[in-house]
Amino acid sequence: MKFTTKLLIFWASVFLIFLSGIVFVMTVFWGMHFNFWHLLVAFIINGVIPPAIITSFFYNRLEYMESEVDSPPQFKGVKTRVLSFKSRTSCPFDEMMQKIDRQYIISYSDRKNKILKFRTDTRMLSWGIGGYLKMLDNETVEAYVYPVFKNSKREELTTNQVLRVIHSIFSY
């Protein structure tokens with residue numbers, strides 16, 4: 001299942017639990033009775049449509065993380081860096097993938113073209129960071145890191161931090 005779909009289902013589930021709790025409390029303590037269709041309409045209007053609209057703002061960036069597009073990201077706020085990679089094995093791409101997998105969530109990999117896409121964990125107050133790594137040769141990696149929410153100063157700081165972490169991971 002795609003990340004965008006999981007995100008939409010998560011937010012709709014959160015609202016459904018919240019709505020169920022309110023209906024339970026109002027039914028038990030105040031003796032109110034609700035029509036199923038009114039609850040369904042309230043859930044759709046308040047629990048499905050707003051998360052769908054919010055997710056649609058970030059859809060291109062979220063969808064890119066899991067897509068098979070081999071070109072680097074062309075989003076606003078992308079930070080790039082060429083990093084040296086010191087491989088200790090005969091399979092440098094696999095080693096790079098292992099090192100990234102320890103720190104981040106790998107959303108797409110292509111061994112043939114030596115491309116790896118990853119993301120940070122998404123939290124309530126942070127949409128996370130997406131990344132694209134392309135191994136140019138066995139000792140050089142081109143890194144692209146971009147925030148999902150492009151207009152946030154916090155995400156910009158996190159983007160710079162992710163680049164520093166990747167640099168330190170590859171240096172050892």
Side-chain angles (χ1 to χ4, degrees), residues 1-15 17 48 50-172:
M1 185 182 299
K2 292 186 177 184
F3 179 67
T4 50
T5 307
K6 287 180 187 177
L7 193 62
L8 182 61
I9 290 171
F10 170 76
W11 284 110
S13 301
V14 166
F15 182 76
I17 292 167
V48 176
I53 290 170
I54 292 169
T55 304
S56 70
F57 287 128
F58 306 115
Y59 182 78
N60 289 336
R61 290 170 182 254
L62 294 172
E63 187 66 22
Y64 175 81
M65 286 183 207
E66 295 178 336
S67 70
E68 295 181 5
V69 175
D70 289 341
S71 61
Q74 302 296 321
F75 304 123
K76 182 180 176 186
V78 173
K79 307 249 182 200
T80 63
R81 188 176 290 171
V82 177
L83 305 167
S84 61
F85 180 71
K86 298 174 185 173
S87 177
R88 295 182 179 148
T89 65
S90 60
C91 301
F93 181 76
D94 291 338
E95 185 179 346
M96 178 183 76
M97 192 160 63
Q98 268 185 337
K99 288 183 176 190
I100 293 297
D101 192 33
R102 289 181 194 145
Q103 295 286 330
Y104 304 106
I105 300 165
I106 294 178
S107 55
Y108 174 77
S109 66
D110 182 2
R111 289 188 199 293
K112 180 182 165 196
N113 295 321
K114 296 183 178 181
I115 293 172
L116 182 67
K117 293 182 186 178
F118 66 92
R119 64 180 172 85
T120 60
D121 196 17
T122 303
R123 305 248 187 252
M124 289 284 257
L125 299 174
S126 173
W127 283 90
I129 304 294
Y132 171 94
L133 301 173
K134 180 171 176 102
M135 188 169 268
L136 301 175
D137 56 37
N138 290 342
E139 297 178 358
T140 309
V141 175
E142 191 173 32
Y144 295 80
V145 180
Y146 61 93
V148 174
F149 183 57
K150 61 186 173 207
N151 296 329
S152 170
K153 293 290 183 186
R154 179 179 177 199
E155 300 294 328
E156 184 178 343
L157 293 172
T158 308
T159 302
N160 291 330
Q161 180 183 5
V162 168
L163 275 173
R164 286 192 299 272
V165 169
I166 292 172
H167 178 60
S168 68
I169 289 172
F170 288 171
S171 296
Y172 290 104

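In what follows, every heavy atom counts, from backbone to side chain, and hydrogens, waters and symmetry copies are set aside.
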Seminar exercise, completed: The side-chain hydrogen bond (donor to acceptor under 3.5 Å, both in side chains) partners of Asp70 (sequence neighbours excluded) come to Asn113

Exercise. Can you name the closest pair of heavy atoms from Ser109 and Leu116 and give their distance?
Worked result: CB-CD1, 3.7 Å

Exercise. Any idea which heavy atoms bring Ala143 and Leu163 closest together, and the distance?
Worked result: CB-CD2, 4.2 Å

Seminar exercise, completed: In this structure, CD1 of Ile169 is separated from CZ of Arg102 (nearest 0.5 Å) by 9.0 Å

For this session: Using the test salt bridge (Lys or Arg N to Asp or Glu O under 4.0 Å), find all partners of Asp101 that sit at least two apart in sequence or belong to another chain.
Result: none

For this session: Sequence neighbours left out, what pairs pass ring pair (Phe, Tyr, Trp, His ring centres under 6.0 Å) with at least one residue falling in residues 79-115?
Result: Phe85-Phe170, Tyr104-Phe118

Exercise. Between Lys117 and Val69, which heavy-atom pair has the shortest distance, and what is it?
Worked result: NZ-O, 2.9 Å

Problem set entry | Partners passing side chain to side chain contact (heavy atoms under 4.5 Å, CB included) against Thr159 (at least two apart in sequence or in another chain) | Lys79, Ile129, Val145, Pro147

For this session: Could you list the residues that satisfy side chain to side chain contact (heavy atoms under 4.5 Å, CB included) with Ile105, not counting sequence neighbours?
Result: Arg119, Asp121

Donor-acceptor pairs under 3.5 Å, side chain of residues 133-140 to any protein atom, not counting sequence neighbours: which ones?
from, atom 1, to, atom 2, distance (Å)
Asp137, OD1, Glu139, N, 2.8
Asp137, OD1, Thr140, N, 2.8
Asp137, OD1, Thr140, OG1, 3.1
Asn138, OD1, Lys114, NZ, 3.4

Problem set entry | Contact list for residues 160-170, test side chain to side chain donor-acceptor pair (under 3.5 Å), sequence neighbours left out | none

For this session: Please list, chain by chain and in numerical order, all residues satisfying side-chain hydrogen bond (donor to acceptor under 3.5 Å, both in side chains) with Glu142, sequence neighbours excluded.
Result: Tyr144

Problem set entry | Residues that Ser87 engages under side-chain hydrogen bond (donor to acceptor under 3.5 Å, both in side chains), provided they are two or more places apart | Glu95

